[in-house]
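Note sheet for the following structure.
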Amino acid sequence: MAEPSTISPAPLLKDELDIVIPTIRNLDFLEMWRPFFQPYHLIIVQDGDPSKTIKVPEGFDYELYNRNDINRILGPKSSCISFKDSACRCFGYMVSKKKYIYTIDDDCFVAKDPSGKDINALEQHIKNLLCPSTPFFFNTLYDPYRAGADFVRGYPFSLREGVPTAVSHGLWLNIPDYDAPTQLVKPLERNTRCTLMLL
């Protein structure tokens with residue numbers, strides 16, 4: 001009997017995806033993401049004081065840009081890149097030359113499944129992007145495109161091939177990513193389910 005292969009499958013979209021990270025701090029959080037992010041190219045956009053040195057753990061392939069770089073590259077148009085918020089990530093979108101972009105904040109932790117195993121959110125988002133989405137109608141079978149699934153009664157046959165998925169958006173665990181007024185009204189609400197949405 002042959003020994004099982006110990007070769008890991010190649011990361012999905014390895015040469016077609018950049019990871020964009022806006023940051024104001026050292027990127028120690030990358031250590032927990034290392035098994036999932038290390039094969040990919042990172043574009044790090046430093047917010048705040050450009051003279052501050054941002055430390056990136058060894059072993060990652062990355063580019064690091066700060067406000068000085070953005071001013072130099074964009075010249076008089078550099079003011080279109082917002083700072084003092086995570087919207088500076090837009091510069092990372094601009095400089096990426098890849099077909100796909102995954103973005104994450106520098107304070108996001110790896111979620112765990114009910115058994116305590118780390119969830120590879122990046123891989124789940126990539127699979128979402130490679131799967132068609134259901135246009136115009138909500139399908140009560142969440143993913144009719146997975147193997148063995150079907151469409152529910154009444155879903156138009158003309159729409160069953162789906163449309164290309166443009167965005168796969170994840171929701172935060174623990175404190176929901178509400179707008180400020182909703183956060184004030186629901187300060188104790190917590191999200192315990194890892195959910196990814198296709199758009």
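Residues satisfying the side-chain hydrogen bond (donor to acceptor under 3.5 Å, both in side chains) test with Ser158, not counting sequence neighbours, are none. Listed by chain and number, the residues in a side-chain contact (heavy atoms from CB on, under 4.5 Å) with Leu74 are Ile70, Ser78, Cys80, Ile81, Phe91, Met94 (sequence neighbours excluded). Legend: residues meeting side-chain contact (heavy atoms from CB on, under 4.5 Å) with Ser79, ordered by chain and number and at least two apart, are absent. Applying the side-chain hydrogen bond (donor to acceptor under 3.5 Å, both in side chains) criterion to Tyr40, with sequence neighbours excluded, gives no partner residue. Taking the side-chain hydrogen bond (donor to acceptor under 3.5 Å, both in side chains) definition, one finds that Asp61 meets it with His41, sequence neighbours left out. Residues meeting the salt bridge (charged side-chain N to carboxylate O under 4.0 Å, His left out) test with Lys98, sequence neighbours left out: Asp18. With sequence neighbours excluded, the residues satisfying side-chain hydrogen bond (donor to acceptor under 3.5 Å, both in side chains) with Asp69 are Arg72.
Once rounded to the nearest 0.5 Å, the distance linking CG of Leu129 with CD1 of Ile101 reads 11.0 Å. Note: Ser86 OG to Ile24 CD1 = 10.0 Å, rounded to the nearest 0.5 Å. Distance OH/Tyr100 to NE2/His125: 14.5 Å, rounded to 0.5 Å. Atoms CG and CD, from Leu27 and Gln46 in turn, are 9.0 Å apart once rounded to the nearest 0.5 Å. Expressed to the nearest 0.5 Å, how far CD1 of Ile44 lies from CD1 of Ile19 amounts to 10.0 Å. Here the straight-line distance linking atom CZ of Phe37 with atom CG of Leu42 works out to 8.0 Å at 0.5 Å rounding.
Nearest heavy-atom pair, Thr103 versus Pro22, reported as atom, atom and distance to 0.1 Å: OG1-CD, 4.2 Å. The shortest heavy-atom contact between Leu30 and Phe60 is O-CZ, 3.7 Å. Closest non-hydrogen pair, Gly162 versus Pro132, comes out as CA-CB, 4.2 Å.
Residue pairs satisfying the salt bridge (charged side-chain N to carboxylate O under 4.0 Å, His left out) criterion with at least one member in residues 38-54, sequence neighbours excluded, are absent. Within the structure, salt bridge (charged side-chain N to carboxylate O under 4.0 Å, His left out) contacts touching residues 26-40 (residues at least two apart or in different chains) are Glu31-Arg34. Residue pairs meeting the salt bridge (charged side-chain N to carboxylate O under 4.0 Å, His left out) criterion with at least one member in residues 155-167: none, sequence neighbours excluded.
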Apply side-chain contact (heavy atoms from CB on, under 4.5 Å) to Ile54 and Asn66, showing your working.
CA-CA 10 Å; Ile54 298 289; Asn66 63 33; over 6 Å; no
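The cluster map of Ile, Leu, Val, Met, Phe, Trp and Tyr, joined by side-chain heavy atoms under 4.5 Å apart, puts Leu64 and Tyr102 in the same cluster. In the hydrophobic clustering of this structure, Tyr93 does not group with Leu17; members are Ile, Leu, Val, Met, Phe, Trp, Tyr whose side-chain heavy atoms approach within less than 4.5 Å, directly or through other members. In terms of hydrophobic clustering, with Ile, Leu, Val, Met, Phe, Trp and Tyr side chains grouped at heavy-atom distances under 4.5 Å, Tyr62 and Val20 are assigned to different clusters.
With a 4.5 Å cut-off on side-chain heavy atoms, Phe36 and Asp118 count as touching. With a 4.5 Å cut-off on side-chain heavy atoms, Ile104 and Trp33 count as touching. Residues Ser51 and Asn68 are not in side-chain contact: their nearest non-hydrogen atoms beyond the backbone lie 4.5 Å or more apart. Two residues are said to be in side-chain contact when any heavy atoms from C-beta on lie closer than 4.5 Å; Leu13 and Lys99 fail this criterion.
Phe157 belongs to no hydrophobic cluster, as no Ile, Leu, Val, Met, Phe, Trp or Tyr side chain comes under 4.5 Å of its own. The hydrophobic cluster containing Val163, built from Ile/Leu/Val/Met/Phe/Trp/Tyr side-chain heavy atoms closer than 4.5 Å, comprises no other residue.
A distance-only check finds no donor-acceptor pair linking the side chain of Asp105 to the backbone of Asp107 [under 3.5 Å].
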